[in-house]
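Note on naming: letters A, B, ... go to the chains in the order of the sequence lines (proteins, then strands), and numbering restarts at 1 for each one.
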Number of protein chains: 2
Amino acid sequence: MSQHSGSGVAAAQERTGPKTERGRRTLRRLLDAAGEEFGVRGYHETAISHITQRAGVGLGTFYVYFKSKEEVFKALVADMGARTRHALSESVKDAPNRLEAERLGIQAYLEFVRMHKSLYRVVMEAQFVAPDAYRAYYRTFSDAYRQQLSQAAKRGEISDGDAEVRVWALMGASTFLGLKYGVWEDGADVNAVSEAAADLMINGLAPRAKNGDAS
Amino acid sequence: MSQHSGSGVAAAQERTGPKTERGRRTLRRLLDAAGEEFGVRGYHETAISHITQRAGVGLGTFYVYFKSKEEVFKALVADMGARTRHALSESVKDAPNRLEAERLGIQAYLEFVRMHKSLYRVVMEAQFVAPDAYRAYYRTFSDAYRQQLSQAAKRGEISDGDAEVRVWALMGASTFLGLKYGVWEDGADVNAVSEAAADLMINGLAPRAKNGDAS
DNA sequence: TTGAAACATGAGTCAACATTCAGGTTCGGG
DNA sequence: CCCGAACCTGAATGTTGACTCATGTTTCAA
């Protein structure tokens, strides 16, 4: 893969990134500004001039760093993907088993979304603005996830089942919960939501075997 | 709800729909053409002239039936919502219990998506083009769904749990599966996918109790 | 100190629509 | 046959905004 200077963003400029410190600072400002603007106004409502104004640079400067409007957008999607994967693998890294990992993962995901609302929107809009970037985002994600599930099944930590289908169902569930409770209702109790969600993912809807048992 | 003439689409024209047969035919042509165009090129890439050309009418005619580009789009989203709800309630109407209803529902949903790829895309893009219509779509949907789950829980057909969270998780799962296997991989075996998905939703990831278990 | 590479700038170009409008055409009841 | 309502039309208007470019300014190594 490409080197990711600073925070993992692939720069533009044909081949090489900025050479000087000033250049790197300007690139970062543009990227941050673009993320903000795209995040709140959406791709089509965002003008390059909005981005450069927010970044505090001249309009022409944008094209010193990016070939086109679409290019920044793609860079942002890729960046978000890397960050999300990083946050999740961190949160899950010392889970004792897969079921616990699921529980931790969904919770970390909701928190992450809430902390990055605008970039989250960018990813979702990519489906229409940059379909390739969107599919790449989920492909990368699902490849790793599927791997995890398959191995867990082999270890007997989860039941057998089509890992691919499960991965997409689980990603979909998380995505919608992120939208509803992370973006739309950002006052909701993330803990309670992720508990309920994890319970569904782990135990399903089926009634528990009746027993005198309980916690 | 509002009267839905013909196929459930809310017409434009300030207050009343077309008065003559010719008018109704033209409206329907425009609606169909718009659905097609928006579905394959997306909202922003679709020009009104594309729609009118596909419909075989003059450019100005569009504005006889719709106040704006956004208005057709919203009409389409609403129409798709009504159709989806109808298809699902049909498919589920004589399920013996909720778990079976879930199984049938997910399958019917995948089939429906595959039969209406373009309108499906319209709904998803509504998130950015007409957020209100999008939220309305899912609110209507989730209200009914939540109701179903709550009652089923009361009847003991499913376990207890936060119905709202479950509904959003389940809608998310279905949506993503629809995207992956209904739109992207339209050659996939819908039956196998929906079986695997239903199994996950019903039984979760947890390993099944060993046979001859205690209970 | 100096020259050239790197970086910055914003007025101007240009194509792409959404929407309007003034003037037809068709239809149906009287 | 006649008239008004309903319907149809596409050229013209006006706006918007991505992208270019000719001309600076800054940086830094030699």
* Asked: Tell me: CZ of Arg22(A) to C1' of dT26(D), nearest whole Å?
  -> 5 Å

* Length of the CD-C1' vector between Glu70(B) and dT19(C), whole Å -> 14 Å

* **Salt-bridge contact Arg139(A)-Asp143(A) (side-chain N to carboxylate O under 4.0 Å)** => no

* **Separation of atom CZ in Arg25(B) from atom P in dC27(C), rounded to whole Å** => 9 Å

* Structure fact -> Within residues 34-53 of chain A, the residues having a heavy atom closer than 4.0 Å to DNA chain D are Thr46(A), Ala47(A), Ile48(A)

* Can you tell me how far P of dC7(C) sits from CZ of Arg29(A), to the nearest Å? -> 15 Å

* To do: Using modelled atom types only, decide if a donor and an acceptor are shared between the side chain of Arg114(A) and the backbone of Asp186(A) within a distance under 3.5 Å.
  => yes

* Asked: Within the structure shown, what part of the strands sits under 4.0 Å from Gly58(B) by heavy-atom distance: base, sugar-phosphate, or nothing?
  -> sugar-phosphate

* Asked: How close or far is atom C1' of dA6(C) from atom CG of Leu27(A), stated in whole angstroms?
  -> 14 Å

* Could you please spell out the steps behind the side-chain contact (heavy atoms from CB on, under 4.5 Å) verdict for Ile158(A) and Arg166(A)? => CA-CA 12 Å; Ile158(A) 64 175; Arg166(A) 285 174 164 189; 3.9 Å; yes

* Between Thr26(A) and Gly60(B), which has a closest nucleotide on DNA chain C that is more 5'? -> Thr26(A)

* To do: Find the distance Tyr65(A):OH to dC19(D):C1' and express it as a whole number of Å.
  => 18 Å

* Asked: Measuring from Asp162(B):CG to Ser150(B):OG, what's the distance to the nearest 0.5 Å?
  -> 9.0 Å

* Asked: Are OP1 or OP2 of dA6(D) and a side-chain N or O of Lys19(B) less than 4.0 angstrom apart?
  -> no

* Pair Phe66(A) and Phe62(A), ring centroids less than 6.0 Å apart -> yes

* To do: Over 60° means perpendicular and under 30° means parallel, so classify the ring planes of Tyr138(A) and Tyr134(A), tilted if in between.
  => perpendicular

* **Gap between atoms OH and P, on Tyr63(B) and dC17(C) respectively (whole Å)** => 12 Å

* Asked: Does the side chain of Thr20(A) get closer than 4.0 angstrom to OP1 or OP2 of dC7(C) through an N or O atom?
  -> yes

* Asked: Looking for any heavy atom pair under 4.0 Å, which part of the strands does Thr61(A) touch: base, sugar-phosphate only, or nothing?
  -> base

* Structure fact -> When rounded to whole Å, the CG to P distance for the pair Leu59(A) and dT13(C) reads 15 Å

* With His44(A) via ring-ring contact (aromatic ring centres under 6.0 Å, His included) - residues at least two apart -> His44(B)

